[in-house]
Number of protein chains: 2
Amino acid sequence: MIDSADDPNTDNPGHGDVLPPTNQHVKQYAAVRNAHETELIEDYVELIGDLLKHQGEARSTDIATRMGVSQATVAKMMCRLKSLDLVASKPYRSLFLTQAGEAMAEESSKRHAIVLQFLRALGVSDQTARIDAEGMEHHVSQETLDIMQRFACQLTPGHQREG
Amino acid sequence: MIDSADDPNTDNPGHGDVLPPTNQHVKQYAAVRNAHETELIEDYVELIGDLLKHQGEARSTDIATRMGVSQATVAKMMCRLKSLDLVASKPYRSLFLTQAGEAMAEESSKRHAIVLQFLRALGVSDQTARIDAEGMEHHVSQETLDIMQRFACQLTPGHQREG
DNA sequence: CAAACATTTCAGCCTTGGCTAACTTTAAGG
DNA sequence: CCTTAAAGTTAGCCAAGGCTGAAATGTTTG
């Protein structure tokens, strides 16, 4: 048997050489699982916010279409969001965000924009940047986000150039 | 009613101004959902690869400990991985990777390392970089990955400096 | 060899987030 | 006003990925 979980290497450079210490490793995976739980919610809320902003109203059909899921799925998710007090609506009427929902939407949107801008500043093509940003935004810590923002601003002083 | 899904804005800069065109938007969310399905699998496979590499064998207990989940969860996942022909083992014996599994592990590990190195090169602290890398690695396209690699190499010519 | 302990597996439960199908409500048109 | 289409809702199904608890198998040790 191998003496695992011994891990004296608490300050190793990280990956490839040796395994990260167990407790650190656990933290990484826990963070991913945690992000998992919130990211879909954030995506829905962010989308509702965008629809409200750009189309004046957020309807289930539009959400279903944009997300590429069925209306039933949207309906179920809206139940969830209502129970979380992020979304409100009267039956058969379009959706709106609560204060908490609006805050989340704004937060998400801001994060999304920073990541997207950062990727484009790096030289990633527009299409790819959008897809990657959508996936990455929920896994980027505030620390990294700040750095990304500074970076993007440095590289694109006035405004971003399209790809 | 609002004439949604009309979307003449196919070449808009992207986010914040107007909504992305619907078909583009669908693609983004589809990509995220798709990544979702594979990322856990990749994480498990990558971890098994790491354990094999650094400890000589991969046991359910160790996986459970490192992932921070129960052994039963690991067992169930191993069933899934076996059915996908990524992992093989004889009952009550430790696990090993099939050729496909090994390929996936290597691929994941490489991606992980690039993202991690990139984040550190950006100036993100070690702890944060690890957590973010774990989350980001499954959402970074090959295009972005290539750019990250070039970038990290530029900024850290010889070797990475610790934070 | 047998007991004690660690590990693996199995059975069964829960929640999420998809789906389809059937139904109700709203909106639009003749 | 009645019909029809579109949109929203509800019920019920499924797979994934967690969990606990109990049973089976391996390993170590007296």
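All values below were derived from every heavy atom in this structure, side-chain atoms included, with hydrogens, water molecules and symmetry-related copies excluded. Numbers restart at 1 for each chain; the letters A, B, ... are given by sequence-line order, proteins then strands.
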* To do: Can you tell me the distance, in whole Å, between the CE atom of M78(A) and the C1' atom of dT16(C)?
  => 14 Å

* Structure fact -> To the nearest angstrom, the CD1-P distance between I41(B) and dA15(D) comes to 15 Å

* To do: Measure the acute angle between the ring planes of H36(B) and H36(A), then classify it against the limits of 30° and 60° as parallel, tilted or perpendicular.
  => tilted

* Structure fact -> Here the distance between atom C1' of dA7(D) and atom CG of L95(A), to the nearest Å, is 12 Å

* **Distance in angstrom units between L81(A) CG and dG8(D) P, rounded** => 15 Å

* Structure fact -> Heavy-atom nearest nucleotide on DNA chain D taken for V69(B) and for Y92(A); more 5' hit belongs to Y92(A)

* Is L95(A) reachable from Y92(A) through a run of hydrophobic residues whose side-chain heavy atoms are each under 4.5 Å from the next? -> no

* In whole angstrom, what separates R59(A)'s CZ from dT9(D)'s C1'? -> 15 Å

* Quick check: does any side chain N or O of S83(A) sit under 3.5 Å from a backbone N or O of R80(A), one acting as donor and the other as acceptor? -> yes

* Asked: So what does T73(A) hit on the nucleic acid, given a heavy-atom distance under 4.0 Å: a base, only sugar-phosphate, or nothing?
  -> base

* Structure fact -> Q71(A) CD to dA5(D) C1', in whole Å, measures 13 Å

* Asked: Does a nitrogen or oxygen in the side chain of T61(A) sit under 4.0 Å from OP1 or OP2 of dG8(D)?
  -> yes

* Structure fact -> Taken to the nearest whole Å, CD/E42(A) to P/dG17(C) is 12 Å

* To do: Give a yes/no on whether any side-chain N or O of R93(A) is located under 4.0 angstrom from OP1 or OP2 of dT26(C).
  => no

* With DNA chain C as reference, determine whether K76(A) or K76(B) sits nearer its 5' end, using the nearest nucleotide of each. => K76(B)

* Asked: V140(B) versus I114(B): any side-chain heavy-atom pair under 4.5 Å?
  -> no

* Of all the nucleotides listed (dC19(C), dG18(C), dT7(C)), which has the minimum atom distance to the side chain of S70(A)? -> dC19(C)

* To do: Could you tell me whether the side chains of D85(B) and T98(B) share a donor-acceptor contact shorter than 3.5 Å?
  => no

* Could you state the atom-to-atom distance from CE of M77(B) to P of dT9(C) in whole Å? => 15 Å

* Toward the 5' end of DNA chain C, by each residue's nearest nucleotide, E37(A) or A72(A) -> E37(A)

